Trainee: 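Here it is, the structure in full.
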Amino acid sequence: MLGEGILKGLGETARNFAGSFVSAERLTTVQYPEERIAPIEATRDFPFLVYDGTDWEAGMRCVACQICEKECPPKCIYIVKSTDKKPDALGKPQIYPARFDIDISVCMSCQICVEVCPFEAIKMDTEFELSTADRFGGLLYDKKELSKSNEHFHKIHPTEAAEVDARLAEEKVKADAKAKAAATAAAAKAAAAPVAAKPASPPASSVVPAPEGEKKG
Amino acid sequence: MSTSGFVQEKDKHEGWNRPPLIEPDGEGELLEVAMGPHHPSTHGVFRMYVALDGERVIRLKPVFGYLHRNHEKLAEGMSYLASMPFTDRLDYICPLTNNWAYALAVEKLTGQEVPERAEYLRVILGELTRVVNHASAIGFLIQEMGASGTPLMYAFREREKILDLFEALTGARMMVNYMRFGGCRVDATPAWLDGVRKVLAGLPQFADEFERLLRGNEILMARTQGVGILRPELAVNAGITGPMLRASGVNYDIRKVDSYGIYNRFKFRVPLGDHGDIYDRFMIRLLEMRESFGILEQALKDIPAGPIMDPKAKLRGFRPKPGEAYGRIEAPKGELGFYLISDGGPNPYRYRIRPPSLINLTVLEDMCLGSNVADVVLIFGSVDIVLGEVDR
């Protein structure tokens, strides 16, 4: 019969239409600003800089190695290295970024900066309501705006953050062991050396990190 | 190049690249119409100059390049890794297959092995992508016929579920940047695999529903059967691949022919059409979706535990030996290939993409000649292109 196929199709539409009133599965639309769907944990959008502790400047993990700047596909990261060194969260003197800007309007959320970072210093955020009226400065984030605490990272990506923390702790244990070994070797060398006055300053500096590390670990 | 509105009798061949394949009936003037680049029915920014004799299409000239992004040249200036997120943006409906093809080419170039689990993950994601692509391609095709939204929304409802899976695994719905040279970026959790099983359980029902909604529809049949016929000889000569080629009855599926990855382990059939018209292309996509469900079931059953990255693989700073490699896969739209030449540096010396959309579009004029102008949009839709891949 001509028109049978159309009627069958209309029947299907009617079934879906009626179903959307009774079945939650058929009702997929969410009225966005008032209602929100549950966030998915792996979601990413723009990068942020992780800091340990409470002070963003003192605890910043970034050491301005500029690998992310080099690997960034759309080249949206701008880093200026500092000329001096500042103690990082572990108390070790490190170069820090004098300037660290990310142009969010250029960033394409590809996560490559996160993958290449050897210091776990840059991670992906989930904040997406970032619209601004200032189209030049408003989307160019400096290091203060980019800095977010490790607690924030734990809040948005708990699984990944736990892995990162475990990895960092492991590295720290290794580094401590190494520093300790170096310290004992230096001490042994100092003891073995016939002139006591001469090696006084170099071992002192290398001995310092070990007790510090023990305290934290 | 003549872009005048009316084509005069004396210069009607001017501006066209070849002599007319069919002659106008000789009465009245030809009317040259520019469809696009912002025509609501084109999938992106694409322009067609159509010369009409009444309603009949006498000539058709595609004009593309409006979305050119210099992707190939850019890739020569950046590391192998940095091009990976840009491949997502080629065919943005199915980014995971683009990732896969590029990863395959680099793996051939560097000789990296992909672990079992990563291969299975690639197959699962690739087939989910095929479902997404075919469902939305059919939806768009029907929408171009005038069914304003209903089939497309049904397709997008299912697509949404699959995109949620993509997001849960890769972190992004579309711009996934997931595959790496020698494996995949993050491992799938058992919960994610259960999620895939759950979505997959609902998909055959969706395909049934979709088929009931459309297959027997008399309007759809009247508009698509016998329209836009692509002959198998022309399809083979023009290098057409994918569902377009198979709808013309040519049995060529790279998953079978090349069996890249682990496709030789799965049992699936290659649906073939025998008319090569729009209806066949539509049906081929429906049938391929069903075959994909089968592959997904098998892959989810057999997926082994283990690493997902080649331990020798380096993320950055590697320099492949001088040489060349061509990695190709059966993307949902056809053969997607990446051709790379290395001169031993950290960047590719030459980076070339063989996009299925562009090559499938080359026969647009041959399919449209002689048909009504209203069918041009439909034929164009049945090619299933994404302009991001055509222009690159």
Side-chain angles (χ1 to χ4, degrees), chain A residues 1-17 19-20 23 25-30 37-47 67-77 107-118 123-126 128 156-157 159-160 163, chain B residues 74-75 77-79 81-89 142 147 150-151 153-154 156-161 163-178 180 185-186 188-189 191-192 195 202 208-222 315-317 346:
Chain A
M1 189 191 89
L2 189 70
E4 201 185 331
I6 295 179
L7 288 176
K8 261 189 196 165
L10 283 176
E12 199 59 46
T13 315
R15 209 170 62 81
N16 269 282
F17 175 68
S20 67
S23 154
E25 205 190 325
R26 301 245 170 221
L27 194 66
T28 46
T29 312
V30 168
I37 47 170
I40 294 174
E41 198 195 315
T43 308
R44 61 166 195 258
D45 46 29
F46 296 114
I67 292 176
C68 55
E69 187 186 29
K70 209 156 107 193
E71 284 291 331
C72 176
K75 302 275 178 267
C76 68
I77 305 178
C107 174
M108 61 185 201
S109 316
C110 66
Q111 211 189 28
I112 279 182
C113 50
V114 177
E115 276 171 77
V116 298
C117 182
K123 293 289 165 201
M124 298 307 272
D125 207 347
T126 54
F128 57 90
I156 56 174
H157 299 304
T159 323
E160 193 192 343
E163 278 169 26
Chain B
L74 275 175
M78 51 175 81
S79 68
L81 173 67
S83 293
M84 182 60 93
F86 286 119
T87 61
D88 292 338
R89 285 138 176 97
I142 309 291
T150 308
M153 285 307 125
Y154 290 180
F156 268 41
R157 191 184 57 207
E158 302 308 309
R159 175 177 177 265
E160 197 58 37
K161 291 176 191 163
L163 289 191
D164 279 348
L165 287 175
F166 288 171
E167 184 171 357
L169 181 65
T170 68
R173 287 154 51 85
M174 288 169 83
M175 301 302 128
V176 291
N177 185 19
Y178 178 64
R180 290 285 172 268
R185 182 160 56 79
V186 281
T189 56
W192 186 82
D208 290 343
E209 187 184 293
F210 219 46
E211 220 172 299
R212 272 203 303 279
L213 181 67
L214 301 166
R215 193 175 67 173
N217 191 316
E218 282 81 2
I219 301 173
L220 186 139
M221 293 206 273
L315 188 61
R316 55 180 288 274

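Quick caveat, the model's predicted, so the values are computed rather than measured. Chain letters run A, B, ... following the sequence lines, proteins first, then strands; residues in each count from 1.
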Trainee: Go through the atoms of B/T170 and report whether side chain, backbone, both or neither lie under 4.5 Å from a heavy atom of chain A.
Mentor: backbone

Trainee: Just checking A/F128: does its CZ atom have more than 12 heavy atoms from other residues, nucleotides or ligands closer to it than 6.0 angstrom?
Mentor: yes

Trainee: Are B/M175 and A/M108 close enough that some pair of their side-chain heavy atoms sits under 4.5 Å apart?
Mentor: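 Side-chain contact under 4.5 Å: no.
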
Trainee: Less than 4.5 Å to any heavy atom of chain A: does that hold for the side chain of B/V176, its backbone, both, or neither?
Mentor: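 Just its backbone gets close to chain A.
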
Trainee: Would you mind checking which part of B/R185 comes under 4.5 Å of any heavy atom in chain A, side chain (CB onward), backbone (N, CA, C, O), both or neither?
Mentor: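 Side chain of B/R185 only, per the 4.5 Å heavy-atom cut-off to chain A.
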
Trainee: Please determine, among B/G171, B/A172, B/A82, the option with the most heavy-atom pairs under 4.5 Å with chain A.
Mentor: B/G171

Trainee: Please look at B/D164 and chain A and tell me whether the side chain, the backbone, both or neither of the residue comes under 4.5 angstrom of a heavy atom of that chain.
Mentor: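 Both backbone and side chain of B/D164 come within 4.5 Å of chain A.
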
Trainee: State the CD1-CG distance between A/I6 and B/L213, to the nearest 0.5 angstrom.
Mentor: 11.5 Å

Trainee: Give, for atom OG1 of A/T13 and atom CE of B/M153, the distance between the pair rounded to the nearest 0.5 Å.
Mentor: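 The OG1 atom of A/T13 sits 13.5 Å away from the CE atom of B/M153.
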
Trainee: Look up atom CG in B/L81 and atom SG in A/C110, then write down how far apart they are to the nearest 0.5 Å.
Mentor: 8.0 Å

Trainee: So, B/E209 side chain and A/E12 main chain: donor-acceptor pair closer than 3.5 Å or not?
Mentor: no

Trainee: Relative to chain A, which segment of B/R212 carries a heavy atom at a distance below 4.5 Å: side chain, backbone, both, or neither?
Mentor: both

Trainee: Return the minimal non-hydrogen interatomic distance between B/N177 and A/R44, and the atom names on each side.
Mentor: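 The answer is CB-NH2, 3.9 Å.
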
Trainee: Taking all heavy atoms of A/I112 and all of B/P85, pick out the closest pair and write down the distance.
Mentor: CD1-CD, 3.6 Å

Trainee: Under 4.5 Å heavy-atom distance to chain A, tell me which part of B/F86 shows up: side chain, backbone, both or neither.
Mentor: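 For B/F86, heavy atoms of backbone and side chain both lie under 4.5 Å from chain A.
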
Trainee: Calculate, to the nearest 0.5 Å, the distance between atoms NZ and CD belonging to A/K8 and B/E211 respectively.
Mentor: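 Atom-to-atom, A/K8:NZ and B/E211:CD are 10.5 Å apart.
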
Trainee: My understanding is that only residues two or more places apart in sequence, or in another chain, count here; which of them pass side chain to side chain contact (heavy atoms under 4.5 Å, CB included) with A/C113?
Mentor: A/P47, A/C68, A/I77, A/I122

Trainee: Side chain, backbone, both or neither: which part of A/E71 has an atom under 4.5 Å from a heavy atom of chain B?
Mentor: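 Contact with chain B: backbone and side chain both.
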
Trainee: B/E167: which residues meet the side chain to side chain donor-acceptor pair (under 3.5 Å) condition with it, sequence neighbours left out?
Mentor: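 Residues passing side chain to side chain donor-acceptor pair (under 3.5 Å) with B/E167: A/T43.
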
Trainee: Under 4.5 Å, counting heavy-atom pairs only, tell me which of A/E41, A/K70, A/Q111 racks up the most with chain B.
Mentor: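 Option with the greatest count: A/Q111.
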
Trainee: Rounded to the nearest 0.5 Å, what separation is found between the CD1 atom of A/I40 and the CG atom of B/L165?
Mentor: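 Answer rounded to 0.5 Å: 8.5 Å.
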
Trainee: Side chain to side chain donor-acceptor pair (under 3.5 Å) for A/N16 and B/R157? Distances and angles first, verdict last.
Mentor: CA-CA 12 Å; A/N16 269 282; B/R157 191 184 57 207; 3.1 Å; yes

